[in-house]
Structure formats: C-alpha cells, structure tokens
Amino acid sequence: MTYDVGALRAEIPALQSGVAHFDGPGGTQTPARVAAAIADALTGPLSIRGRLTPGEVNAENLVQGFRRAVADLVGGDPSGVVFGRSATQLTYDVARTLAKDWSPGDEVVVSRLDHDANIRPWIQAAERAGARVRWADFDPQTGELPPSAVGDLLTDRTRLVAVTAASNLLGTVPDVAGIARLVHHCPGALLHVDGVHYAAHAFVDQPGLGADLFVCSPYKFLGPHHGVLTASPELLERLRPDKLLPSADTVPERFELGTLPYESLAGTIAAIDVLAGLAGLAGDGPGGRRDRLRTAFAAIERHEGALRERLEAGLAGLPGVTQRSRAAERTPTLLLTFDGRTSADASVFLAARGVHAPAGSFYAVEASRHLGLGDTGGLRVGLSPYNDENDVDRLLEGLEAFLRS
C-alpha cells in the first residue's frame, strides 16, 4: 500500500506558498474541497432546519450529514454528536451541567499532561460545587502517564476523570482504555477524554477507548474551526444543560444553543471525506466511510511515523538540542529545547526561512511547568498528513543553521 502525499498536497492551496508547515497541532491547512463545501452551503438556498422549502431541506441535510460523518470518524452514534464553538466551550458546558449533581466531598481527577481546556473547566466546576480536585502526574523524564497514576487516586467519591487521549505538547498517548477500566469500577464515575490532538493522527474508537464523553476539533484534521462532543445518546438524555424555554429539548439538540453554522457542518463533512479518501489514494477499495477511515489512518500513521523517524535521526546529530517527547506511544509531535538559546528565537529564525514551527506551551501550561519549562515551553514540531521529506529536511537544515548562528 502506498501513500500519495503529493496528491494530498495538491489539494491544499496554502501549501503553494512554499512554507513548510509544522504547526498542525494548532490547526491544519485546509483542502480546497473543504473550502468549496463551505462556500456551496452558504451560496445555496439555506434556512432554518425543516422539510418544507429547499433552504430548510438543505439545512436539515447538512445537520444530519454532519452527525453521521462525525459518528463515522469516532465510532459513535449520530444521535450523540454535539456541535460546539470549540472543544473548550463544550467542556465548560458539560462541566457546568455535570457539576449540578456534585456535592461537597465528591472528587474530580485531572491530569497535568492535559491542555488547560481539559483541566480548568473541571477545577472551576469542582470549586463551585465544593468538590475536591485530585491531580494525576505524568513522568517528566519519559512523558508517560500510566493508568496507575490515575487509578491510585480513585475512590468511591470520584465523579469525573478528565484525561487526554494524546498530549498536544509532547504527543504522549496514554493508555486511555486502561484508565477507563479503572474509572468504571467507581460507581457513577465518568471519563471525559480530550481527543483534540489524538483524532488528527489516529483512528478513533470511542467505545474501545471507554470514553463516556469525547471532544475533538475538526480544524486539527483539515476542517473548519469548531469543536465536537460525542457521547452515547443515553448519557446525554441524563444531562440537563441550561437552555432557552422554546428551544429543542431532544438529544443532541438540547446542547446546541441557537442556530447552527451550517457552513461549518458542511466543511467538517468534506474534511472527513477527504480523510476517508486517502484510503483510495492508498489503493484501498470502496466500502463504508468508517472502513475507509480505518484504512486511511493506518496509512497516515505509517507516513507520519516514517517522517518522525527521519526527523529524530537528524535531530540526534544536532548538538545542544533536547528532545522532550519520549513516550513509547506518541503522535508525531516533538517538543524541543536548546542549550543557551530560546525556543522563541528558534521559531523566529525558522520562520524567516519559510519553516513554521511555533514556540510556547500551547495552553498545556501544567505540563510545561511539570517539565521544568515554566510557562515558556519549547519549540513544537508537529507533523501532519501533508508533510513530506522535503519539509523535514528543510526543518533540519534550518535548525542546524540556527545552532550555528
């Protein structure tokens, strides 16, 4: 099976600028098909959802098509797919809703490996409810977060565990399924999984992960800027978020405030179809979209893995560079620091050479502090499906020049 990265790159107009993009963890570049789907939705007849006029039908079809596409992506139920402005907004919404049933003495577990969007909403909700927050620490030397780091904190008062499926700073992929088995031994405890970084690099199996609640963001995998929450419809039926009196109380609509941006839904459908189409580029036969996504992500992982190996081999020959991403299981995302030089200076130097690798802690401030890097973080190098060997070589050449400068 081959992976035609050139064909994918040809679909992405932004790559014609000549910039080598290693900023995918902050948001990927957009294929023309995704932009066209957004434009088509906006310029066709469009109205409030319904089944009477062409505009109403178009809106309804986009909503249902969006839910089916996301369900295919994560292995979920279309009736459990919730649109949101961002993963952060969705997590805040569900935290406030769940906390209505928390009491003083209840406990919430968060991880220092996580993006702050999967930490602060839970801390703030727990504080308002009088619940206790317990911290799961990862190993700063290896970047690993073993299930025992969470399991040792669980009690019969645990109500919620929040953990990432992949660190956006280090790339670490914890054993979420192992964590889920421990969490679900606690009566009534739920597992909320931040899959924003994970869903860009791996085939998501939400039931297999054991995630009761899962969030991701299409703009991390070629789509438009918004978030998605997925859960079983049965769980969503139990939750009562604040809403307007006349707005729908059905699931999942009760979690979606106001009129949905139908154009964003169209873009997300197109992005997921682009990903599924990579199976065709790899020589896979037809079949359902879920099966094609499985094949496509296997090809993506091989492609990105080979590029990561090329990059790490080159970095090993550069003096004064520390590679902070060391977990056995991780996405193709590297955090680098430099002896006697700042990561911000490295980022500026590379940008002048047409290589975009940003520096910072990227909202994973607890992880950055736990690594001893304060709020500064490091240089994050994130590989995406459209990166190629030339990109990697340009990055290595740029870093070598930076170290000599």
Stepwise, does the salt bridge (charged side-chain N to carboxylate O under 4.0 Å, His left out) test hold for R404 with E400?
CA-CA 6 Å; R404 291 197 310 266; E400 184 177 11; 3.8 Å; yes
V228 vs L73, side-chain contact (heavy atoms from CB on, under 4.5 Å): CA-CA, chis, key distance, verdict
CA-CA 11 Å; V228 180; L73 182 76; over 6 Å; no
Start with the C-alpha distance between E256 and R49, add both sets of side-chain angles, then the distance that settles salt bridge (charged side-chain N to carboxylate O under 4.0 Å, His left out), and finish with yes or no.
CA-CA 13 Å; E256 297 169 333; R49 295 168 61 184; 5.0 Å; no
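No side-chain N or O of Y386 forms a donor-acceptor pair with one of E11 less than 3.5 Å apart. Judged by distance alone, the side chains of N118 and H192 do bring a donor and an acceptor atom under 3.5 Å apart. Side-chain contact of S86 with Q89: a donor-acceptor pair under 3.5 Å is absent, judged by distance alone. Side-chain atoms of S384 and H21 include no donor-acceptor pair closer than 3.5 Å. Between the side chains of S405 and R341, at least one donor N or O lies within less than 3.5 Å of an accepting N or O.
With R157 contributing its side chain and P104 its backbone, the two residues share a donor-acceptor pair below 3.5 Å. With hydrogens and angles disregarded, no donor-acceptor distance shorter than 3.5 Å links the side chain of T333 to the backbone of G171. Within the 3.5 Å criterion, the main-chain N or O of P25 finds a donor-acceptor partner in the side chain of K220. Judged purely by atom type and a 3.5 angstrom limit, H226 has no side-chain atom pairing as donor or acceptor with the backbone of L265. Panel note: side chain S232, backbone L235; a donor-acceptor pair is recorded below 3.5 Å. Using a distance-only test at 3.5 Å, with no hydrogens or angles considered, no donor-acceptor pair links the side chain of S217 to the main chain of V196.
Salt-bridge annotation for R310 and D391: absent, with no side-chain N of the basic residue lying under 4.0 Å from a carboxylate O of the acidic one. Classification of D249 and R254 as a salt-bridged pair holds, one side-chain N sitting under 4.0 Å from a carboxylate O. Contact check on E366 versus R120 returns a salt bridge, with a Lys/Arg side-chain nitrogen under 4.0 Å from an Asp/Glu carboxylate oxygen.
Of all non-hydrogen atoms in D114 and V163, the two that sit nearest each other are OD2-C, 3.3 Å. Considering every non-hydrogen atom in both L336 and S343, the closest pair reads O-CB, 4.4 Å. Closest heavy-atom contact between P385 and V5: O-CG2, 3.6 Å. Taking every heavy atom of both residues into account, P252 and S79 meet most closely at CD-O, 3.4 Å.
The side chain to side chain donor-acceptor pair (under 3.5 Å) with H197 is formed by just one residue from the set T164, T331, N168, T172; it is T331. With L182 as the fixed residue, the side-chain contact (heavy atoms from CB on, under 4.5 Å) test singles out one of L154, V161, L191, T158: L154. Screening D93, T230, L236 against V82 for a side-chain contact (heavy atoms from CB on, under 4.5 Å) leaves a single residue, L236.
The shortest side-chain heavy-atom distance between P261 and F83 falls under the 4.5 Å cut-off. Within the 4.5 Å cutoff, the side chain of V204 has heavy atoms near those of the Y198 side chain. Between F338 and T322, the closest side-chain pair of non-hydrogen atoms is not below 4.5 Å.
Relative ring orientation between F297 and F203 is described as tilted, the plane-to-plane angle lying within the 30° to 60° band.
The cationic atom of R380 (NZ for Lys, CZ for Arg) lies less than 6.0 Å from the six-membered ring centre of F362 and within 45° of the ring axis.
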